[in-house]
Number of protein chains: 2
Amino acid sequence: MVSGRKRKFNEQTALQAAMEVFWAKGFVGASLTDLTKSMNINKPSMYSAFGNKESLFIKATQHYIENNMKAHLGALYAANIPLKTRLKNYMMSIVGMQCSTEQPKGCYLVLCQSEVAGGDIPAEAAKLLIKIEAAPKTLLAELFSTDKEAISLGLNENSTGNALSLYTALKGTASMARSKVPPTELEFVIDTMLTGVFNTSKNHTAPSPKSP
Amino acid sequence: MVSGRKRKFNEQTALQAAMEVFWAKGFVGASLTDLTKSMNINKPSMYSAFGNKESLFIKATQHYIENNMKAHLGALYAANIPLKTRLKNYMMSIVGMQCSTEQPKGCYLVLCQSEVAGGDIPAEAAKLLIKIEAAPKTLLAELFSTDKEAISLGLNENSTGNALSLYTALKGTASMARSKVPPTELEFVIDTMLTGVFNTSKNHTAPSPKSP
DNA sequence: TCCATATTGTACCAAAGGGTATTTTTAAGT
DNA sequence: ACTTAAAAATACCCTTTGGTACAATATGGA
């Protein structure tokens with residue numbers, strides 16, 4: 001270490017602030033003025049610390065994954081809890097975040113993912129967003145195809161379909177949360193989708209009683 | 001009529017073009033250059049014909065409602081078709097639009113609605129977007145509470161909840177469609193949600209057999 | 001203490017943003 | 001043919017955008 005002036009801001013705190021701006025306004029909508037004002041630093045500081053708008057966005061997005069997505073996963077693998085309950089806990093944990101008053105409403109990814117199609121998101125950032133999109137889907141699909149209870153219920157027969165259903169529901173609730181629909185109402189939606197998943201698969205799987 | 005030069009462009013065609021730009025890029029992301037280029041007119045023409053960016057957006061949004069939303073409604077009220085089928089037809093009609101290759105993927109409203117929370121959408125436009133958001137929900141809720149079959153199935157017991165479930169599913173599919181998930185996969189999601197709605201309500205309604 | 005170095009703060013840049021003033025066309029009415 | 005008026009084209013306005021140069025300010029090491 002060869003000396004130099006000390007940094008006045010905390011990198012993680014600044015990243016958190018940047019994340020919330022992107023969350024609220026999207027990549028395109030978030031201006032450097034918006035960002036640096038929230039981060040409480042000035043432009044040169046931000047450029048020297050994070051590179052540029054795109055790499056700040058990438059770091060903010062990774063920060064989001066680490067601090068806002070991973071926490072929910074525990075619920076999925078809790079021991080001695082029925083699958084349906086685990087899924088419900090997982091989903092409601094996410095819905096809780098979507099509806100939190102501590103942060104922008106909805107899901108960080110919904111707005112930014114939408115922007116990708118518009119073509120105004122730089123290549124690297126777009127690639128990351130697409131990669132992230134896939135993660136929960138494959139995760140849920142894996143759960144459906146490996147979990148003992150899922151298998152015994154036949155939910156593994158269409159694990160990707162079931163995963164997609166749940167993930168789609170979460171995307172929907174994110175959208176609704178942004179429009180200020182309260183979590184109590186969204187809980188009903190989640191319940192309904194879960195009922196659908198568990199019933200559909202039952203029908204689907206049940207070997208049609210060999211009619212004589 | 002007091003003469004003057006003839007308009008070279010068709011207002012509806014131009015509006016359609018503008019709509020597609022807003023659809024793809026959102027209100028904030030769509031620049032006047034993007035818009036006028038797609039509309040194939042120049043800025044002064046656009047300003048004299050439509051006012052400004054905001055009122056162009058409002059007109060484009062109304063154009064969207066007229067041309068892209070109303071068409072689906074027919075399926076809901078078709079005679080001699082079971083409720084579940086009507087709902088499925090309605091929803092798949094919308095999913096078809098969301099996945100169409102003729103237009104931007106997803107739903108016009110999902111991106112723009114998301115932008116409202118960011119605070120960069122002018123007041124009038126925001127008000128319209130919020131108003132539009134409510135429409136399909138109340139429409140479905142009304143259907144659930146008045147349709148004969150819905151009543152006999154007990155779906156009227158929680159008509160707003162059921163409406164919200166379906167609407168949320170459609171918001172979700174819009175999001176997924178934007179990420180290029182094909183309609184065949186989304187059909188499964190819709191089926192699952194419908195199964196959920198019809199089963200949840202059944203359980204919900206069935207007066208628990210008076211245990212002695 | 002003085003130097004090297006890293007971070008701040010201010011001022012600035014070129015490009016793109018939404019929006020207009022002005023001129024040039026084109027058409028209808030007389 | 002000539003006027004009138006509406007649309008189109010060009011050029012321009014100011015503000016904001018993402019991004020930097022440069023001077024001012026701290027800090028640790030020698």
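Each chain gets a letter, A, B and so on, in the order the sequences are listed, and its residues count up from 1. For clarity, every value in this text was computed on a predicted model and none was experimentally measured.
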Between B/Glu133 and B/Lys137, does any NZ, NE, NH1 or NH2 come within less than 4.0 Å of an OD or OE carboxylate oxygen? no
Is there a donor N/O on one and an acceptor N/O on the other, under 3.5 Å, for the side chain of B/Lys53 and the base of C/dG18? no
Which nucleotide in the set C/dA28, C/dC12, C/dG9 lies at the smallest distance from any side-chain heavy atom of A/Lys43? C/dC12
Rounded to the Å, how far apart are A/Leu35 CG and D/dG19 P? 11 Å
Look at B/Glu115 together with A/Lys25 and state whether they make a salt bridge at an N to O cut-off of under 4.0 Å. no
What's the closest nucleotide to the side chain of B/Pro44 if the choices are D/dG18, C/dG18, D/dT10? D/dT10
Whole-Å gap separating C1' (D/dA7) and CE (B/Met39): 15 Å
Indicate whether any N or O donor in one side chain lies under 3.5 Å from an N or O acceptor in the other, for A/Asp34 and A/Ser31. yes
Rounded to the nearest angstrom, tell me the gap between atom CD in A/Glu54 and atom C1' in D/dG19. 14 Å
Check whether any side-chain nitrogen or oxygen of B/Lys6 sits under 4.0 Å from OP1 or OP2 of C/dA28, and answer yes or no. yes
Identify which nucleotide among C/dG18, C/dT8, D/dT17 has an atom closest to any side-chain atom of B/Tyr47, counting heavy atoms from C-beta outward. C/dG18
Between B/Lys88 and B/Glu187, does any NZ, NE, NH1 or NH2 come within less than 4.0 Å of an OD or OE carboxylate oxygen? yes
Spacing of B/Phe57 atom CZ relative to C/dG18 atom P, expressed in whole Å: 14 Å
Could you state the CG-C1' distance from B/Asn10 to D/dA7, rounded to the nearest angstrom? 15 Å
Let me know the distance between CG of B/Asp120 and P of C/dG18, rounded to the nearest Å. 12 Å
For the CZ atom of A/Arg178 and the CD atom of A/Gln98, what is their distance to the nearest 0.5 Å? 11.0 Å
Of C/dT7, C/dG9, C/dG17, the nucleotide closest to the side chain of A/Lys8 is C/dG9
Nearest-nucleotide comparison on DNA chain C, the residue closer to the 5′ end among A/Phe9 and B/Val28: A/Phe9
Please state whether the base of C/dT7 and the side chain of A/Arg5 form at least one donor-acceptor pair under 3.5 Å? yes
Here the distance between atom C1' of D/dT15 and atom CG of A/Asp34, to the nearest Å, is 15 Å
The nucleotide from C/dT8, D/dT17, C/dG19 with an atom nearest the side chain of B/Leu32 is C/dG19
Value rounded to 0.5 Å, distance of CG in B/Asp191 from CE in B/Met92: 8.0 Å
Indicate whether OP1 or OP2 belonging to C/dT7 is found under 4.0 Å from a side-chain N or O atom of A/Ser45. no
Using a heavy-atom cut-off of under 4.0 Å over every strand shown, decide if A/Thr33 touches base, sugar-phosphate, or nothing. sugar-phosphate
So if I take every side-chain heavy atom of A/Ser3 and compare against C/dA27, C/dA4, D/dA8, which nucleotide ends up nearest? C/dA4
If you check the A/Asn42 side chain, which of C/dA21, C/dG19, C/dG9 turns out closest? C/dG9
Distance, rounded to the nearest Å, where A/Met46 contributes CE and D/dG19 contributes C1': 9 Å
